[in-house]
Number of protein chains: 2
Amino acid sequence: MNGESERLELKADVAEELRNRGLRVTPQRALILGLIRSASGHITADDIYREVNRLLPFTDISTVYRTLDLLEAHGLVRRLVTGQGQTQYEWADQPHFHLICTACGRVNNFTDEGLTAIIGQVAAEHGYRPTEFNVNVFGLCSECQQEAEDAHS
Amino acid sequence: MNGESERLELKADVAEELRNRGLRVTPQRALILGLIRSASGHITADDIYREVNRLLPFTDISTVYRTLDLLEAHGLVRRLVTGQGQTQYEWADQPHFHLICTACGRVNNFTDEGLTAIIGQVAAEHGYRPTEFNVNVFGLCSECQQEAEDAHS
DNA sequence: GTGATTGCAAAAGGTTTGCAGGGAC
DNA sequence: GTCCCTGCAAACCTTTTGCAATCAC
(Lines give C-alpha, C1' and ligand atoms only; values in the text may rest on other atoms or scores of the structure.)
Protein backbone atom coordinates (compact mmCIF):
# COMPACT_ATOMS: atom_id res chain seq x y z
CA MET A 1 0.00 0.00 0.00
CA ASN A 2 1.30 3.38 -0.95
CA GLY A 3 -0.64 6.19 0.64
CA GLU A 4 0.65 8.84 -1.67
CA SER A 5 -0.11 7.10 -4.95
CA GLU A 6 -3.53 6.25 -3.65
CA ARG A 7 -4.12 9.87 -2.94
CA LEU A 8 -2.97 10.84 -6.42
CA GLU A 9 -5.26 8.28 -7.98
CA LEU A 10 -8.16 9.53 -5.99
CA LYS A 11 -7.37 13.07 -7.00
CA ALA A 12 -7.32 12.20 -10.70
CA ASP A 13 -10.47 10.17 -10.29
CA VAL A 14 -12.26 12.96 -8.58
CA ALA A 15 -11.15 15.51 -11.15
CA GLU A 16 -12.54 13.30 -13.88
CA GLU A 17 -15.82 13.00 -12.03
CA LEU A 18 -16.09 16.76 -12.04
CA ARG A 19 -15.08 17.15 -15.66
CA ASN A 20 -17.59 14.49 -16.73
CA ARG A 21 -20.29 16.72 -15.43
CA GLY A 22 -19.01 19.79 -17.17
CA LEU A 23 -17.71 21.35 -13.98
CA ARG A 24 -14.48 23.24 -13.74
CA VAL A 25 -11.85 21.51 -11.73
CA THR A 26 -10.39 23.59 -8.95
CA PRO A 27 -8.19 22.45 -6.11
CA GLN A 28 -10.96 23.21 -3.64
CA ARG A 29 -13.54 21.16 -5.48
CA ALA A 30 -11.30 18.20 -6.03
CA LEU A 31 -10.24 18.22 -2.42
CA ILE A 32 -13.75 18.53 -1.03
CA LEU A 33 -15.14 15.82 -3.26
CA GLY A 34 -12.19 13.61 -2.42
CA LEU A 35 -12.74 14.11 1.29
CA ILE A 36 -16.38 13.17 1.11
CA ARG A 37 -15.63 10.20 -1.04
CA SER A 38 -12.99 8.84 1.24
CA ALA A 39 -14.89 9.64 4.42
CA SER A 40 -16.20 6.33 5.61
CA GLY A 41 -19.48 7.73 6.81
CA HIS A 42 -20.96 11.17 7.05
CA ILE A 43 -19.20 14.43 7.37
CA THR A 44 -20.32 17.95 8.17
CA ALA A 45 -19.53 21.15 6.33
CA ASP A 46 -17.43 22.20 9.28
CA ASP A 47 -15.43 18.94 9.31
CA ILE A 48 -14.73 19.52 5.66
CA TYR A 49 -13.84 23.13 6.27
CA ARG A 50 -11.29 22.25 8.91
CA GLU A 51 -9.77 19.43 6.93
CA VAL A 52 -9.58 21.43 3.72
CA ASN A 53 -7.84 24.23 5.54
CA ARG A 54 -5.11 21.92 6.73
CA LEU A 55 -4.24 21.20 3.12
CA LEU A 56 -5.40 24.36 1.43
CA PRO A 57 -5.11 27.23 3.89
CA PHE A 58 -7.37 30.30 3.56
CA THR A 59 -10.18 28.28 2.03
CA ASP A 60 -13.36 29.88 3.24
CA ILE A 61 -16.38 28.16 4.70
CA SER A 62 -18.53 29.80 2.03
CA THR A 63 -16.55 27.99 -0.62
CA VAL A 64 -17.24 24.73 1.18
CA TYR A 65 -20.95 25.40 1.21
CA ARG A 66 -21.01 26.55 -2.39
CA THR A 67 -19.14 23.46 -3.45
CA LEU A 68 -21.40 21.17 -1.46
CA ASP A 69 -24.46 22.72 -3.09
CA LEU A 70 -22.88 22.24 -6.47
CA LEU A 71 -21.94 18.65 -5.84
CA GLU A 72 -25.38 17.90 -4.53
CA ALA A 73 -27.04 19.48 -7.53
CA HIS A 74 -24.94 17.25 -9.77
CA GLY A 75 -25.78 14.13 -7.82
CA LEU A 76 -22.27 13.50 -6.55
CA VAL A 77 -23.11 14.02 -2.94
CA ARG A 78 -26.15 13.48 -0.77
CA ARG A 79 -27.34 15.79 1.94
CA LEU A 80 -28.65 14.37 5.17
CA VAL A 81 -30.60 16.63 7.49
CA THR A 82 -30.53 15.01 10.88
CA GLY A 83 -32.03 17.77 12.97
CA GLN A 84 -29.09 17.44 15.39
CA GLY A 85 -27.24 20.61 14.60
CA GLN A 86 -25.44 20.55 11.30
CA THR A 87 -26.32 18.99 8.01
CA GLN A 88 -24.30 15.93 7.11
CA TYR A 89 -22.98 15.01 3.71
CA GLU A 90 -22.15 11.67 2.21
CA TRP A 91 -20.80 10.27 -1.01
CA ALA A 92 -23.76 9.34 -3.22
CA ASP A 93 -22.95 5.73 -3.99
CA GLN A 94 -25.98 3.59 -3.30
CA PRO A 95 -29.24 4.20 -1.53
CA HIS A 96 -29.31 3.19 2.08
CA PHE A 97 -31.03 3.89 5.35
CA HIS A 98 -29.89 5.85 8.33
CA LEU A 99 -29.86 5.10 12.01
CA ILE A 100 -29.35 8.39 13.79
CA CYS A 101 -28.44 8.56 17.46
CA THR A 102 -30.27 11.41 19.13
CA ALA A 103 -27.74 11.54 21.94
CA CYS A 104 -24.35 11.56 20.24
CA GLY A 105 -25.48 12.45 16.73
CA ARG A 106 -23.72 9.49 15.16
CA VAL A 107 -25.21 8.18 11.93
CA ASN A 108 -25.03 4.54 10.84
CA ASN A 109 -25.88 3.37 7.38
CA PHE A 110 -27.60 0.12 6.75
CA THR A 111 -29.25 -1.64 3.87
CA ASP A 112 -32.07 -4.09 4.00
CA GLU A 113 -33.61 -5.89 1.07
CA GLY A 114 -36.83 -6.58 2.89
CA LEU A 115 -37.30 -2.97 3.77
CA THR A 116 -36.58 -1.83 0.24
CA ALA A 117 -39.07 -4.34 -1.12
CA ILE A 118 -41.82 -3.34 1.28
CA ILE A 119 -41.40 0.32 0.48
CA GLY A 120 -41.70 -0.34 -3.23
CA GLN A 121 -44.74 -2.48 -2.63
CA VAL A 122 -46.51 0.00 -0.38
CA ALA A 123 -45.81 2.84 -2.78
CA ALA A 124 -47.30 0.78 -5.60
CA GLU A 125 -50.40 0.05 -3.53
CA HIS A 126 -50.95 3.78 -3.26
CA GLY A 127 -50.47 4.26 -6.97
CA TYR A 128 -47.04 5.85 -6.60
CA ARG A 129 -44.13 5.26 -8.85
CA PRO A 130 -41.26 5.79 -6.42
CA THR A 131 -38.04 7.30 -7.64
CA GLU A 132 -36.20 7.81 -4.41
CA PHE A 133 -36.74 7.38 -0.72
CA ASN A 134 -35.09 8.09 2.53
CA VAL A 135 -35.54 6.29 5.79
CA ASN A 136 -34.22 7.88 8.94
CA VAL A 137 -34.57 6.11 12.21
CA PHE A 138 -33.90 8.15 15.32
CA GLY A 139 -33.04 6.59 18.63
CA LEU A 140 -30.24 5.73 21.00
CA CYS A 141 -27.23 3.82 19.77
CA SER A 142 -25.93 1.02 21.95
CA GLU A 143 -23.10 3.14 23.41
CA CYS A 144 -25.46 5.90 24.47
CA GLN A 145 -27.92 3.41 25.94
CA GLN A 146 -25.06 2.03 27.99
CA GLU A 147 -24.06 5.49 29.14
CA ALA A 148 -27.62 6.33 30.10
CA GLU A 149 -27.81 3.17 32.19
CA ASP A 150 -24.47 3.82 33.84
CA ALA A 151 -25.54 7.34 34.75
CA HIS A 152 -28.60 5.99 36.53
CA SER A 153 -26.80 3.43 38.65
CA MET B 1 -72.20 21.49 12.73
CA ASN B 2 -71.45 24.28 15.12
CA GLY B 3 -68.00 25.74 14.67
CA GLU B 4 -67.89 27.45 17.99
CA SER B 5 -68.84 24.49 20.13
CA GLU B 6 -66.36 22.39 18.22
CA ARG B 7 -63.70 24.87 19.04
CA LEU B 8 -64.64 24.87 22.69
CA GLU B 9 -64.56 21.12 22.79
CA LEU B 10 -61.15 21.09 21.21
CA LYS B 11 -59.93 23.64 23.69
CA ALA B 12 -61.14 21.58 26.65
CA ASP B 13 -59.73 18.47 25.07
CA VAL B 14 -56.37 20.01 24.54
CA ALA B 15 -56.25 21.40 28.07
CA GLU B 16 -56.92 17.95 29.41
CA GLU B 17 -54.18 16.51 27.25
CA LEU B 18 -51.77 18.94 28.87
CA ARG B 19 -53.01 18.32 32.38
CA ASN B 20 -52.78 14.57 31.93
CA ARG B 21 -49.09 14.99 31.43
CA GLY B 22 -48.63 17.16 34.46
CA LEU B 23 -48.16 20.30 32.42
CA ARG B 24 -49.56 23.65 33.38
CA VAL B 25 -52.27 24.85 31.10
CA THR B 26 -51.67 28.28 29.70
CA PRO B 27 -53.56 29.99 26.89
CA GLN B 28 -50.45 29.84 24.70
CA ARG B 29 -49.97 26.12 25.20
CA ALA B 30 -53.58 25.23 24.65
CA LEU B 31 -53.72 27.35 21.54
CA ILE B 32 -50.52 26.01 20.04
CA LEU B 33 -51.43 22.42 20.71
CA GLY B 34 -54.92 23.02 19.33
CA LEU B 35 -53.49 24.54 16.17
CA ILE B 36 -51.21 21.62 15.51
CA ARG B 37 -53.93 19.16 16.25
CA SER B 38 -56.41 20.72 13.91
CA ALA B 39 -53.86 21.39 11.19
CA SER B 40 -54.59 18.77 8.59
CA GLY B 41 -50.95 18.29 7.67
CA HIS B 42 -47.69 19.82 8.76
CA ILE B 43 -47.08 23.26 10.11
CA THR B 44 -43.98 25.34 10.81
CA ALA B 45 -43.05 27.28 13.93
CA ASP B 46 -43.55 30.47 11.99
CA ASP B 47 -47.02 29.46 10.77
CA ILE B 48 -47.92 28.79 14.36
CA TYR B 49 -46.38 32.04 15.50
CA ARG B 50 -48.42 34.06 13.03
CA GLU B 51 -51.64 32.23 13.75
CA VAL B 52 -51.21 32.42 17.51
CA ASN B 53 -50.60 36.13 17.28
CA ARG B 54 -53.89 36.68 15.52
CA LEU B 55 -55.67 35.24 18.53
CA LEU B 56 -53.23 36.03 21.30
CA PRO B 57 -51.30 39.16 20.39
CA PHE B 58 -47.80 39.76 21.75
CA THR B 59 -47.05 36.09 21.96
CA ASP B 60 -43.37 35.76 21.23
CA ILE B 61 -41.73 33.37 18.84
CA SER B 62 -39.57 32.11 21.69
CA THR B 63 -42.69 30.97 23.49
CA VAL B 64 -43.71 29.08 20.39
CA TYR B 65 -40.38 27.29 20.25
CA ARG B 66 -40.34 26.57 23.95
CA THR B 67 -43.83 25.18 23.76
CA LEU B 68 -43.03 23.06 20.75
CA ASP B 69 -40.00 21.62 22.52
CA LEU B 70 -42.15 20.86 25.53
CA LEU B 71 -44.89 19.24 23.50
CA GLU B 72 -42.38 17.19 21.61
CA ALA B 73 -40.67 16.06 24.79
CA HIS B 74 -44.04 14.87 26.07
CA GLY B 75 -44.84 13.05 22.88
CA LEU B 76 -47.76 15.24 21.87
CA VAL B 77 -46.15 16.57 18.77
CA ARG B 78 -43.67 15.26 16.25
CA ARG B 79 -40.89 17.20 14.66
CA LEU B 80 -40.22 16.66 11.00
CA VAL B 81 -36.91 17.91 9.65
CA THR B 82 -37.32 18.30 5.94
CA GLY B 83 -34.18 20.16 5.04
CA GLN B 84 -36.27 22.69 3.13
CA GLY B 85 -35.87 25.66 5.43
CA GLN B 86 -37.88 25.35 8.59
CA THR B 87 -38.71 22.41 10.73
CA GLN B 88 -42.25 21.15 10.44
CA TYR B 89 -44.45 19.93 13.24
CA GLU B 90 -47.34 17.54 13.23
CA TRP B 91 -49.82 16.12 15.68
CA ALA B 92 -48.41 12.86 17.04
CA ASP B 93 -51.34 10.55 16.52
CA GLN B 94 -49.82 7.46 15.05
CA PRO B 95 -46.59 6.79 13.28
CA HIS B 96 -46.90 7.07 9.57
CA PHE B 97 -44.91 7.43 6.40
CA HIS B 98 -44.90 10.04 3.74
CA LEU B 99 -45.40 9.60 0.05
CA ILE B 100 -44.28 12.80 -1.57
CA CYS B 101 -45.10 13.55 -5.18
CA THR B 102 -42.18 15.25 -6.86
CA ALA B 103 -44.43 16.72 -9.53
CA CYS B 104 -47.33 18.26 -7.62
CA GLY B 105 -45.75 18.35 -4.16
CA ARG B 106 -48.65 16.60 -2.52
CA VAL B 107 -47.84 14.59 0.60
CA ASN B 108 -49.81 11.50 1.49
CA ASN B 109 -49.56 9.84 4.83
CA PHE B 110 -49.83 6.11 5.06
CA THR B 111 -49.30 3.47 7.67
CA ASP B 112 -48.04 -0.06 7.26
CA GLU B 113 -47.63 -2.56 10.04
CA GLY B 114 -45.11 -4.62 8.15
CA LEU B 115 -42.94 -1.64 7.47
CA THR B 116 -43.08 -0.51 11.08
CA ALA B 117 -42.15 -3.99 12.25
CA ILE B 118 -39.20 -4.29 9.90
CA ILE B 119 -37.83 -0.94 10.91
CA GLY B 120 -37.99 -1.85 14.58
CA GLN B 121 -36.33 -5.15 13.85
CA VAL B 122 -33.51 -3.71 11.79
CA ALA B 123 -32.86 -1.03 14.39
CA ALA B 124 -32.66 -3.69 17.08
CA GLU B 125 -30.21 -5.69 15.00
CA HIS B 126 -27.92 -2.70 15.02
CA GLY B 127 -28.28 -2.22 18.76
CA TYR B 128 -30.49 0.82 18.43
CA ARG B 129 -33.44 1.60 20.58
CA PRO B 130 -35.56 3.53 18.10
CA THR B 131 -37.75 6.33 19.36
CA GLU B 132 -38.91 7.75 16.12
CA PHE B 133 -38.49 7.30 12.45
CA ASN B 134 -39.46 8.95 9.27
CA VAL B 135 -39.85 7.38 5.91
CA ASN B 136 -40.18 9.65 2.95
CA VAL B 137 -40.80 8.15 -0.42
CA PHE B 138 -40.44 10.47 -3.37
CA GLY B 139 -42.05 9.70 -6.67
CA LEU B 140 -45.00 10.40 -8.93
CA CYS B 141 -48.54 10.08 -7.61
CA SER B 142 -51.09 8.36 -9.83
CA GLU B 143 -52.61 11.63 -11.04
CA CYS B 144 -49.27 13.01 -12.14
CA GLN B 145 -48.34 9.74 -13.84
CA GLN B 146 -51.58 10.00 -15.75
CA GLU B 147 -50.87 13.58 -16.71
CA ALA B 148 -47.38 12.69 -17.86
CA GLU B 149 -48.80 9.95 -20.06
CA ASP B 150 -51.50 12.19 -21.47
CA ALA B 151 -48.91 14.82 -22.31
CA HIS B 152 -46.96 12.27 -24.33
CA SER B 153 -49.88 11.03 -26.36
C1' DG C 1 -47.52 32.37 47.95
C1' DT C 2 -44.37 29.84 45.06
C1' DG C 3 -42.34 28.14 41.27
C1' DA C 4 -43.26 27.71 36.37
C1' DT C 5 -44.09 30.40 32.25
C1' DT C 6 -44.02 34.38 29.50
C1' DG C 7 -42.35 38.59 26.70
C1' DC C 8 -38.58 41.05 25.49
C1' DA C 9 -34.08 41.70 23.82
C1' DA C 10 -30.05 39.91 22.51
C1' DA C 11 -27.13 36.18 20.99
C1' DA C 12 -25.97 31.97 18.91
C1' DG C 13 -25.22 28.96 15.15
C1' DG C 14 -25.36 27.35 10.66
C1' DT C 15 -25.73 28.91 6.05
C1' DT C 16 -26.02 32.39 2.26
C1' DT C 17 -24.84 36.49 -0.44
C1' DG C 18 -22.38 40.66 -2.80
C1' DC C 19 -18.38 41.97 -4.44
C1' DA C 20 -13.75 42.51 -6.35
C1' DG C 21 -9.64 40.02 -7.42
C1' DG C 22 -7.66 35.75 -9.27
C1' DG C 23 -7.79 31.31 -11.75
C1' DA C 24 -9.47 27.58 -15.12
C1' DC C 25 -10.32 26.83 -19.70
C1' DG D 1 -9.32 36.86 -23.02
C1' DT D 2 -13.55 35.42 -20.93
C1' DC D 3 -16.31 33.84 -17.58
C1' DC D 4 -16.32 31.20 -13.50
C1' DC D 5 -14.66 30.51 -8.93
C1' DT D 6 -12.73 32.10 -4.68
C1' DG D 7 -11.85 34.73 -0.26
C1' DC D 8 -13.52 38.13 2.53
C1' DA D 9 -16.92 40.43 5.11
C1' DA D 10 -21.33 41.05 6.19
C1' DA D 11 -25.97 39.61 6.28
C1' DC D 12 -29.58 36.22 6.96
C1' DC D 13 -32.72 33.20 9.20
C1' DT D 14 -34.14 30.02 12.38
C1' DT D 15 -33.65 28.80 16.91
C1' DT D 16 -31.94 29.51 21.75
C1' DT D 17 -30.96 31.93 26.06
C1' DG D 18 -30.98 35.32 30.26
C1' DC D 19 -33.75 38.01 32.82
C1' DA D 20 -37.49 40.35 35.25
C1' DA D 21 -42.43 40.51 35.40
C1' DT D 22 -46.58 37.76 35.41
C1' DC D 23 -49.54 33.84 35.82
C1' DA D 24 -51.27 28.99 37.05
C1' DC D 25 -51.79 26.20 40.69
Side-chain angles (χ1 to χ4, degrees), chain A residues 11-12 14-33 35-36 42-74 76-77 79-89 102 105, chain B residues 11-12 14-33 42-74 76-77 79-89:
Chain A
K11 201 175 162 185
V14 144
E16 177 143 352
E17 204 102 43
L18 290 167
R19 237 178 256 112
N20 283 346
R21 286 170 166 82
L23 300 173
R24 287 197 179 173
V25 179
T26 68
Q28 293 87 344
R29 288 179 178 180
L31 183 49
I32 291 171
L33 185 51
L35 278 175
I36 296 171
H42 306 91
I43 186 169
T44 67
D46 195 61
D47 292 337
I48 295 170
Y49 172 58
R50 279 205 292 271
E51 188 61 21
V52 168
N53 261 280
R54 285 196 25 236
L55 301 162
L56 217 56
F58 305 106
T59 301
D60 194 73
I61 185 74
S62 65
T63 300
V64 174
Y65 277 111
R66 276 189 284 230
T67 304
L68 288 171
D69 285 350
L70 185 84
L71 297 178
E72 194 201 7
H74 288 265
L76 287 164
V77 151
R79 181 191 300 249
L80 181 70
V81 182
T82 63
Q84 326 291 315
Q86 297 147 283
T87 300
Q88 310 240 36
Y89 294 86
T102 50
Chain B
K11 200 174 162 187
V14 144
E16 178 145 351
E17 203 102 44
L18 290 167
R19 238 177 254 114
N20 283 346
R21 283 167 168 85
L23 300 173
R24 287 197 179 175
V25 179
T26 68
Q28 293 87 343
R29 287 179 179 179
L31 184 48
I32 291 171
L33 185 51
H42 307 95
I43 186 170
T44 67
D46 196 59
D47 292 337
I48 294 170
Y49 172 58
R50 279 205 293 271
E51 188 61 21
V52 168
N53 261 280
R54 285 198 23 237
L55 301 163
L56 218 56
F58 305 107
T59 302
D60 194 72
I61 185 74
S62 66
T63 300
V64 174
Y65 277 109
R66 275 188 287 228
T67 303
L68 288 171
D69 284 352
L70 184 84
L71 297 178
E72 194 201 4
H74 284 81
L76 287 164
V77 151
R79 183 190 299 249
L80 191 77
V81 183
T82 62
Q84 325 294 315
Q86 298 147 285
T87 300
Q88 311 240 35
Y89 293 85

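From a predicted model like this one, the values you see are computed outputs, not experimental measurements. We use all heavy atoms of the structure for the numbers below, so side chains are in, but hydrogens, waters and symmetry mates are not. Lettering of chains follows the sequences in order, A, B, ..., and the numbering in each one begins at 1.
- Taking atom CD1 of A/Ile32 as the reference point, atom P of D/dT6 lies 8 Å away to the nearest angstrom.
- Distance CG (A/Leu31) to P (D/dT6): 11 Å, rounded to an integer number of Å.
- In this structure a side-chain-to-backbone donor-acceptor pair under 3.5 Å is present from B/Thr67 to B/Thr63.
- At most 12 non-hydrogen atoms from other residues, nucleotides or ligands lie less than 6.0 angstrom from CD of B/Glu16.
- Residue A/Thr63 places none of its side-chain N or O atoms closer than 4.0 Å to OP1 or OP2 of D/dC5.
- Nearest to the side-chain atoms of B/Thr67 among the listed nucleotides D/dC8, C/dT15, C/dT6 stands C/dT6.
- For A/Arg29, the side-chain atoms get nearest to D/dT6 when compared with the rest of C/dT17, C/dC8, D/dT6.
- In this structure, CZ of B/Arg19 is placed 16 Å from C1' of C/dT5, rounded to the nearest angstrom.
- Within the 3.5 Å criterion, the main-chain N or O of B/Ile43 finds no donor-acceptor partner in the side chain of B/Asp47.
- In this structure, CG of B/Leu70 is placed 16 Å from P of D/dA24, rounded to the nearest angstrom.
- OP1 or OP2 of D/dA24 has not a single side-chain nitrogen or oxygen of B/Thr26 nearer than 4.0 Å.
- With rounding to whole Å, A/Ile61 atom CD1 is found 13 Å from D/dC8 atom P.
- Put simply, the side chain of A/Arg29 gets close to the backbone of A/Arg24: a donor and an acceptor are under 3.5 Å apart.
- At a threshold of 4.0 angstrom between heavy atoms, the contacts of B/Pro27 are confined to the sugar-phosphate backbone, with no base atom among them.
- Within the 4.0 angstrom heavy-atom criterion, base atoms lie near A/Ser62.
- B/Phe58 comes within 4.0 angstrom of sugar-phosphate atoms only, judged by non-hydrogen atoms across all strands, and of no base.
- For the pair A/Gln86 CD and D/dC13 P, the interatomic distance rounds to 21 Å; values are reported in whole Å.
- Of the candidate nucleotides C/dG3, C/dT17, D/dT16, C/dG3 has the atom nearest to the side chain of B/Arg24.
- Atom CG of A/Asp60 and atom C1' of C/dT16 are 11 Å apart (whole Å).
- The heavy-atom pair separating A/Arg21 from A/His74 by the smallest distance is NE-O, 3.0 Å.
- Looking at which nucleotide of DNA chain D each of B/Arg79 and B/Val25 is closest to, the 5′-most match is held by B/Arg79.
- Separating the CD atom of A/Gln88 from the P atom of C/dG14 is a distance of 12 Å, rounded to the nearest angstrom.
- Looking at the side chain of A/Arg66, the nearest of the listed nucleotides C/dT16, C/dT17, C/dT6 is C/dT17.
- For the residue pair B/Ser62 and B/Asp60, a side-chain donor N or O sits within less than 3.5 Å of a side-chain acceptor on the partner.
- Listed candidates were C/dA24, C/dG7, C/dT16. Nearest to the side chain of A/Tyr65 is C/dT16.
- For A/Gln28, no side-chain nitrogen or oxygen approaches OP1 or OP2 of C/dG23 to under 4.0 Å.
- With the nearest nucleotide of DNA chain D identified for both A/Leu23 and B/Tyr89, A/Leu23 has the one nearer the 5' end.
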